[in-house]
Amino acid sequence: MLARSEMASYDFREIENRWQQTWADQGIYRVPNPGDPDFDDAKPKKYFLDMFPYPSGAGLHVGHPLGYIGTDIFSRYHRMNGANVLHPMGFDSFGLPAEQYAVETGIHPRITTEKNIENYTRQLQAFGFSYDWERSFATTDPDYYRWTQWIFLKLFDSWFDTGQQKARPMAELVEELEDGLRDADGVSWRNCAKEDRRAFIDSQRLAYIDEVPVNWCPALGTVLANEEVTAEGRSERGNHPVYRRPLRQWMLRITAYADRLIDELDLVDWPASVRTMQRNWIGRSEGANILFSISGNLHLRVFTTRPDTVYGATYMVVAPEHPILDEIIPEVWPDGTNPEWTLGIDDPRSAVGAYRLAASRKSELERQIEEREKTGVFTGAYATNPLTGDPVPIFVADYVLMGYGTGAIMAVPGQDERDWEFAEAFDLPIIRTVQPPLEFDGDAYTGPGPAINSGFLDGLDVEDAKDRIIRWLEINGHGEGTITYKLRDWLFSRQRYWGEPIPILHGPDGELVPVPEDDLPLRLPDVDDYRPNVSDDENADPTPTLSNADDDWKYVEIDGVRYERELNTMPQWAGSCWYYLRFADPHNEDELVAPEAEEYWMGGNGVDLYIGGVEHAVLHLLYVRFWHKVLNDLGYVSTKEPFGRLYNQGYILADAFQDSRGMYVPAEEVTTDGDRFLFEDDEVTRVYGKMGKSLKNSVNPDDIFEEYGVDTLRLYEMFMGPLDTSRPWSTRDIVGVYRFLQRLWRNFIDEDTGEVLVSEDPSQGDLQVLLHRTIEAVTNDMENLHFNTAVARLFEMNNALVALDKVPADVASVLPRLLGPLAPHISEELWHRMGMAGSVVTASWPTYDAALTAEDMATMIVQVNGKVRDRIEVPITITEDEAVAIALASERVLAHTDGVEPRKVIARLPNVLSLVV
RNA sequence: GCCGGGAUGGCGGAAUGGUAGACGCGGCGGACUCAAAAUCCGCUGAGUGAAAGCUCGUGGGGGUUCGAGUCCCCCUCCCGGUACCA
């Protein structure tokens, strides 16, 4: 019996540990930058990036690295094909969990974060990923967030030139104002007072302060971006109630880029679903603003996508929050007011007041539950339809939202279902202005058709009518064509601790002064208390955690003037908005990225492949694109889009179990007893979902490494199915790939003696053909990220070796290289045991001989009347006449043709011969 | 409701309009073994038949085609996104 160390069986643990150590010692994954001594600019560049993780305390489970394994394989494949591959990893480490932990324990988030990063790094390194760890960083590193703050200052110091559709430095705007090329909202610069000039400039910045209705979450003690609030009106993180209220906050002018964010999606190779989601989120609609006059000099401005239907506007609706309400409500109900319009209240002011109060109390959730039954109240005021001259009553109703368009609509029940419902409920007139088809029997008609009841528009189809009416509105001063967006500006300040401090000083007169670039990074101050000012009271004022900092930090004196620091921090999205740029030049102390490094690594299409979860389809990817475009406009990056190709990996799903109260129980402690599942002797029900902490169904990769090894886990996760689909985890199935690696090992190594079983002779015949076909197939699969089928091909190749005494020389040289990207450790070990030069990591990717992949014989299927009746081996050069002769001689074919001459012959030789009789 | 994406053996999945079910798991049978594990070999969509074979079969219904999992139309269900966006 041999001692363990001398045994020649597949000792994955020893092999994997040894090679990981060796690769690290050699720095084999280090990639030089342009200008470095060992940089080779003859090689093509590739930049493959994973969405970097938030390092949570729970560590990785086997679902997290699915995409990471994919990019690692792709990176290794391209490296073997001679590319300079930038393949980095870092950590998105600002965020709430570390801060909440600090609130509970008093431990500084930095300490928690560092510990978690250490654990994540250990786990990621255990996967054998080929990251260049020298480029790694965390968004919480002051050397990194220094540049996050720097970008913020650029946003602060820029404005959007709508003519040129790009951001420009503020100095250029001031220059144009001074030269009289522009004016400030209609006032010439020379005539502006100092304060007005400052206010104007501040109003033009891409980063600006505004009092806006925000999503205020008292339970988190902070405001949230629209994107962070769920459809149910709760916080995406923690599921707490969120309230709308006006607050002064930092905003980023992402709406200026709305059109470019839509149009430039054409430049990228992204999944159609993600591009659609972004377009929908931006929500561009073309239409018109129309002015309806109200008695006095008042006007009500509405936005509509259907200006062609204005003749059918029989009433109007404003949102409950609409400011015009205070000006238009009369003292008493007009004569003849329909009693159903008044809520039974004696005067309009009280009625509207009551409705507004009720609407403001209604949570988003309640609005959902009420199934959109139309409610509202008459304001007592009338406007005049500019086309018909008819008076139209103005209502308040919560089906019109203040946050979209102008917060007011002209209601055209004939062509709008919501308006139809409201009109029916309030007994309002309905006029069709588009002729529905004869067979139409619905209510509101929204389809195409000729205009009717519409004066000079009659007979025109919808598009022509829109054009005509917009022209009329513009000529007569009743409105204009316009475009609105669902996208709002990005609410950028948070009242939390664990984020980048916003580097702005507030002067005594409200002036905003940027912290000088040389003073960056503006470090987070220490505080005694990390608790946000959390409250159940939705009206409580937000108190930034940084207000707990010492006065030394909070106040700055410059030239005898006392400034107060901005106490808000940036949202977690900030750090991930530009990290891909920093990886190109992570240690640069003078610039966020050197132009040579940026142009080389981001050249062409930016990041060549960006893999991550589809949950970032809107939030992260929209914000990144916005920042990137600003940096591009200002000349700091060379491409319009950051990510040329995006790919969404699927998720790993797993069984989860709920007890009788619906609580999840740890899946790994659930036992089965025939048909039932038991947890601590109680029956639990099986459900199914995304692997993770919330379902308590995580599988720890450390456990899999222990039992089967890294290569097995990597291979298994790829073999389960296509990278972009979700798949159920099945620990039982892992053994299949494990057996493959064992079999591979035994094909190459004699388990008793350790002898390398490789022949000096190359393969011949069928085996040689198989080898070259395998190279061809695996190469294609690698290019297309079809790693599941690549693994299957390697299984087949390996199975063909089992019966041989020795592996033919050419197969032995090729197989570890084909497997190398997928299972690098065993491949490297076999490579070295065979005495091959260098490392399989840097070996060249094998090529195939096309002459060998094409066979000289083929299996021809013979169909009679569309059904396969025989399969005949034929030379690939067979002619149609020969094929028909051979087919008609076949007994199996004869049995179905009854000897009749075929009426028709379709030949796709040498594979198909289809006979019709 | 609207917009995406799906549905293939017991399970995960594979199939440029051309042999449906590659590869793996599981299952069944065999070899080896005192035995077990491991390993190796064979079988494994359903029905029918002694067999050759025949029939059916890719969610359901129709269509195009010599030929459809694949293309077209309608429907069902599942997953994701979104939702009074004027």
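Given the structure is predicted, the values throughout are model-derived calculations rather than measurements. Labels below follow one simple rule: chain letters A, B, ... track the order of the sequence lines, proteins then strands, and each chain is numbered from 1.
Base pairing analysis places B:G67 opposite nothing; no Watson-Crick or G-U wobble pair with both distances below 3.5 Å involves it. The nucleotide B:C77 finds its pairing partner in B:G6, both defining distances of the Watson-Crick or G-U wobble pair being shorter than 3.5 Å. Pairing of B:G1, defined by two Watson-Crick or G-U wobble distances under 3.5 Å, is identified with B:U82. Using N1 to N3 plus N6-O4 or O6-N4 for Watson-Crick, or N1-O2 and O6-N3 for G-U wobble, each under 3.5 Å, B:A35 pairs with nothing. With a 3.5 Å ceiling on both atom-pair distances, the Watson-Crick or G-U wobble partner of B:U55 is B:A46. Across all strands shown, B:C40 forms a Watson-Crick or G-U wobble pair, both distances under 3.5 Å, with B:G30.
The phosphate of B:U65 has neither OP1 nor OP2 within less than 4.0 Å of any side-chain N or O from A:Lys904. Contact between the side-chain N/O atoms of A:Ser285 and the OP1/OP2 oxygens of B:A86 is found at a separation under 4.0 Å. Between B:G67 and A:Arg908, no contact under 4.0 Å exists linking OP1 or OP2 to a side-chain N or O.
Straight-line distance between the C1' atoms of B:G6 and B:G59: roughly 11 Å, to the nearest whole Å. Only the P atoms considered, B:C56 is 33 Å distant from B:G29, to the nearest whole Å. The same atom, C1', is picked in B:G17 and in B:U65; the two are 9 Å apart, to the nearest Å. B:C74 and B:C28 have their C1' atoms separated by 43 Å, with the value rounded to a whole Å. Using C1' as the reference atom, B:A31 and B:A38 are 14 Å apart when rounded to the nearest Å. Spacing between B:A86 and B:G80 at atom C1', rounded to whole Å, works out to 27 Å. Between B:U39 and B:A51, the distance separating the two P atoms is 33 Å to the nearest Å. The separation of B:U58 from B:G4, taken at their C1' atoms, amounts to 23 Å, rounded to a whole angstrom.
Comparing B:C40, B:C56, B:U19 by their closest approach to the side chain of A:Arg746 singles out B:C40.
Taking atom OH of A:Tyr404 as the reference point, atom P of B:A83 lies 13 Å away to the nearest angstrom. Distance NZ (A:Lys486) to P (B:A86): 8 Å, rounded to an integer number of Å.
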Distance-only donor-acceptor pairs under 3.5 Å for side chains of residues 795-802 of chain A, two or more places apart:
{"unit_1": "A:Asn798", "atom_1": "OD1", "unit_2": "A:Asn747", "atom_2": "ND2", "d": "2.7"}
{"unit_1": "A:Asn798", "atom_1": "ND2", "unit_2": "A:Phe740", "atom_2": "O", "d": "3.4"}
{"unit_1": "A:Asn799", "atom_1": "OD1", "unit_2": "A:Arg743", "atom_2": "NH1", "d": "2.7"}
{"unit_1": "A:Asn799", "atom_1": "ND2", "unit_2": "A:Phe795", "atom_2": "O", "d": "3.3"}

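In this structure, A:Tyr315 has its ring center at least 6.0 angstrom away from the ring center of A:Phe426. Side-chain rings of A:Tyr651 and A:Trp729 stay apart, their centers remaining 6.0 Å or farther from each other. The distance between the ring centers of A:Tyr708 and A:Phe12 does not fall below 6.0 angstrom.
Looking only at side-chain heavy atoms (C-beta outward), A:Thr484 and A:Thr305 stay at 4.5 Å or farther from each other.
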